[in-house]
Amino acid sequence: MDFSMIVQRTLDVGVCLSILTNPEIFDLISEDGATFNDLTVDVINQYWLSIYTEDLIGVMQIKPITSSCYEGHIHILKEHRKKHSDNAGKQIISWCKDNLKGTLYAYTPSYCKNVIDFLERFEFANTGFIPKAWNKNGELNDLTILTRVI
């Protein structure tokens, strides 16, 4: 594990928005027609994790859906993904094991094979899909659902 990386809960909305409003991140996570005004960051009712090396490189949103089910989305700046994604994933899973109990799930556009492969490396199972649920690039795209017990 990379001890020069720090993954911890943040209550700083500005930290979260600094990553989410990065043009490359925003383009990846937003549906067609969305603007920065559509972003909502609730650091009280959701868990937001900051991911730091020398600088902030990403955030993770963990939204409680039920008392034991959490929706998660990780956002790492493109220039740091190759070097830091695996360590970030390990530390996020460790944080989740220490702080949450139940099931963590993510959904990603089915055409994002690299994201699906990333999640599967962390023992997420492909558990289904939602057809034509995400409007991107002028098309309705399927979403793949991946789940992991924590």
Side-chain angles (χ1 to χ4, degrees), residues 5-96 99-100 102-122 124 126-148 150:
M5 179 179 288
I6 299 171
V7 173
Q8 63 187 9
R9 186 170 184 190
T10 183
L11 299 174
D12 187 337
V13 173
V15 164
C16 301
L17 288 175
S18 71
I19 297 295
L20 298 176
T21 59
N22 172 282
E24 288 179 343
I25 296 284
F26 187 77
D27 183 57
L28 290 173
I29 66 172
S30 62
E31 285 192 290
D32 289 349
T35 68
F36 290 158
N37 292 329
D38 296 315
L39 290 171
T40 57
V41 176
D42 180 352
V43 295
I44 303 302
N45 296 304
Q46 299 174 7
Y47 302 96
W48 282 85
L49 306 180
S50 58
I51 306 163
Y52 282 92
T53 56
E54 303 81 35
D55 297 304
L56 178 68
I57 65 164
V59 294
M60 168 95 181
Q61 176 192 27
I62 302 171
K63 183 180 358 176
I65 302 301
T66 67
S67 62
S68 62
C69 183
Y70 306 89
E71 176 185 341
H73 299 281
I74 186 171
H75 312 286
I76 296 178
L77 296 172
K78 185 176 182 177
E79 62 267 25
H80 298 287
R81 289 180 194 149
K82 188 171 188 164
K83 183 174 181 182
H84 296 294
S85 289
D86 284 342
N87 286 332
K90 290 174 189 171
Q91 290 195 36
I92 288 166
I93 294 298
S94 179
W95 186 94
C96 289
N99 293 280
L100 308 172
T103 301
L104 182 61
Y105 78 91
Y107 55 87
T108 189
S110 297
Y111 62 79
C112 292
K113 302 298 184 198
N114 60 329
V115 177
I116 294 167
D117 291 344
F118 173 79
L119 291 169
E120 288 176 340
R121 283 197 313 268
F122 292 95
F124 279 78
N126 184 330
T127 54
F129 76 101
I130 306 169
K132 300 186 184 314
W134 197 60
N135 187 9
K136 189 68 171 180
N137 300 322
E139 295 182 31
L140 288 173
N141 296 278
D142 297 342
L143 293 173
T144 299
I145 304 167
L146 297 114
T147 59
R148 183 191 199 287
I150 47 176

Calculate, to the nearest 0.5 Å, the distance between atoms [atom1] and [atom2] belonging to [X] and [Y] respectively.
X: I76; Y: I51; atom1: CD1; atom2: CD1; answer: 4.5 Å
X: I25; Y: K78; atom1: CD1; atom2: NZ; answer: 10.0 Å
X: I57; Y: I6; atom1: CD1; atom2: CD1; answer: 11.0 Å
X: I74; Y: S85; atom1: CD1; atom2: OG; answer: 6.5 Å
X: D12; Y: L17; atom1: CG; atom2: CG; answer: 9.0 Å

Just by distance, do the side chain of [X] and the backbone of [Y] share a donor-acceptor pair under 3.5 Å?
X: K82; Y: E79; answer: no
X: N137; Y: E139; answer: no
X: D32; Y: G138; answer: yes
X: N135; Y: L140; answer: no
X: R148; Y: A106; answer: no
X: D42; Y: T40; answer: no

Any [X] side-chain heavy atom under 4.5 Å of [Y] side chain:
X: Y111; Y: K136; value: yes
X: H75; Y: I29; value: yes
X: D27; Y: P23; value: no
X: W48; Y: L11; value: no
X: I116; Y: F124; value: no
X: P64; Y: Y47; value: yes

For the ring pair W134 and Y107, is the centre-to-centre distance below 6.0 Å?
->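 They do not qualify: ring centres at least 6.0 Å apart.
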For this session: Would you check, one step at a time, whether the test side-chain contact (heavy atoms from CB on, under 4.5 Å) holds for Y105 with I65?
Result: CA-CA 10 Å; Y105 78 91; I65 302 301; 3.8 Å; yes
Are S110 and T144 linked by a side-chain donor-acceptor pair shorter than 3.5 Å?
->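 On atom types as modelled, these side chains qualify, holding a pair under 3.5 Å.
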Practice task
Would you sort out whether K90 and I93 count as a side-chain contact (heavy atoms from CB on, under 4.5 Å), showing the intermediate values?
Solution key: CA-CA 5 Å; K90 290 174 189 171; I93 294 298; over 6 Å; no
task: Mind telling me whether H80 and H84 have parallel, tilted or perpendicular rings, with 30° and 60° as the class edges?
output: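 The arrangement is tilted - the two ring planes meet at 30° to 60°.
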